[in-house]
Number of protein chains: 2
Amino acid sequence: MNQKTQSCQQKLRISRDALEVIQGKWRMPIVLALTFGNKRFGELQRDIVDISPKMLSQELKALEENKIITRTLYDSMPVTVEYSLTPLGKSMKKLLDEVLIWGEHFRKEVIGK
Amino acid sequence: MNQKTQSCQQKLRISRDALEVIQGKWRMPIVLALTFGNKRFGELQRDIVDISPKMLSQELKALEENKIITRTLYDSMPVTVEYSLTPLGKSMKKLLDEVLIWGEHFRKEVIGK
DNA sequence: GTAACTACTTACCTGCGGGTAACTACTAAC
DNA sequence: GTTAGTAGTTACCCGCAGGTAAGTAGTTAC
């Protein structure tokens with residue numbers, strides 16, 4: 001096994017670790033939505049059009065466990081909950097930007113203009 | 001709906017279109033492997049350690065349909081097939097780089113060093 | 001007391017993403 | 001004729017990601 005193959009396999013391992021955390025239909029969209037500012041549960045549900053409360057709740061929990069977002073409960077009346085990005089979550093901004101850039105590129109090339 | 005919300009929703013739409021194409025356990029790893037140079041079926045199978053021939057074949061087909069990779073058949077003996085990135089596939093390099101950068105970042109922060 | 005808003009939770013179900021194992025087809029080497 | 005290497009295909013199966021619908025719980029407004 002030469003140097004090149006090693007670095008290929010190493011990168012493949014890293015990519016698979018990362019993908020395990022950010023994969024799925026909703027996680028990147030949720031983080032993306034939060035790059036526009038802290039949001040409450042209902043706001044996220046309105047922004048991310050097709051998501052069900054169950055999926056939103058479930059994915060928010062997973063993102064919190066992976067230290068990507070923070071859940072803050074306010075004892076206002078009625079109770080409100082605010083979700084925000086941690087530094088680790090904010091560090092996904094560049095990655096998300098590239099997803100968007102590539103997404104635009106893809107749309108032009110394949111979906112056709 | 002204000003300007004900010006509109007741009008948020010627009011970006012969410014783009015991200016979801018892009019994710020539809022690159023999502024899944026194997027697609028980004030396959031493209032990543034091909035950024036190291038054109039590879040044959042067997043080479044990919046050896047590099048991407050846990051992938052089964054069925055999944056590799058299936059995902060290669062999907063990537064080809066989305067104009068991300070090209071399949072070239074050589075009439076050598078025995079027949080060999082080479083997979084390579086299209087310009088659209090190559091344009092994923094930055095995105096993949098960011099996945100790797102974030103992956104390292106994540107590993108340090110959460111998995112712990 | 002009932003509707004409406006907050007933020008979920010719970011139960012149930014379905015489809016498909018992904019895994020395993022075996023099989024195919026062709027050629028070369030021995 | 002049997003093994004090995006090329007590149008897959010096919011059949012079968014399973015678990016979970018994700019969807020639907022309804023319920024919960026607390027407060028405010030009417």
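Letters go in sequence order (proteins before strands), and every chain restarts at 1. All values below were derived from every heavy atom in this structure, side-chain atoms included, with hydrogens, water molecules and symmetry-related copies excluded. Treat the numbers as computed from the prediction; the structure is a model and nothing was measured.
In terms of heavy-atom proximity, K39(A) sits nearest to A33(A) at NZ-O, 3.3 Å.
The distance between atom CD of E82(B) and atom P of dT6(D), rounded to the nearest whole Å, is 14 Å. Following rounding to the nearest Å, I51(A) (CD1) and dA17(D) (C1') show an atom-to-atom distance of 12 Å.
The backbone N or O of I51(A) lies less than 3.5 Å from no partner atom in the side chain of Q45(A), so there is not a single donor-acceptor pair. Between the side chain of T86(B) and the backbone N or O of K67(B), at least one donor-acceptor pair lies under 3.5 Å. With Q23(B) contributing its side chain and Q23(A) its backbone, the two residues share no donor-acceptor pair below 3.5 Å. Checking side-chain atoms of R27(A) against main-chain N and O of V21(A) turns up a donor-acceptor pair under 3.5 Å.
Regarding contacts with the backbone of dC8(C), a side-chain N or O of R71(A) is found under 4.0 angstrom from either OP1 or OP2. In terms of phosphate contacts, Y83(B) brings a side-chain nitrogen or oxygen within less than 4.0 Å of OP1 or OP2 of dG8(D).
Stem regions for DNA chain D, each three or more consecutive Watson-Crick or G-U pairs with both distances under 3.5 Å and listed by first number, read C:1-30 with D:1-30.
Using a 4.0 Å cut-off between charged nitrogen and carboxylate oxygen, D17(B) and R107(A) do not count as a salt-bridge pair.
In this structure, the separation between CE on M55(B) and CG on L60(B) is 10.5 Å, given to the nearest 0.5 Å.
Nearer to the 5' terminus of DNA chain C, by closest-nucleotide assignment, is the contact made by R40(A) (compared with the other of R40(A) and K25(B)).
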Between the protein and nucleotides 9-13 of chain C, which nitrogen or oxygen pairs come in under 3.5 angstrom?
residue, atom, partner, partner atom, Å
dT9(C), OP2, S57(A), OG, 2.7
dT9(C), OP2, K61(A), NZ, 3.2

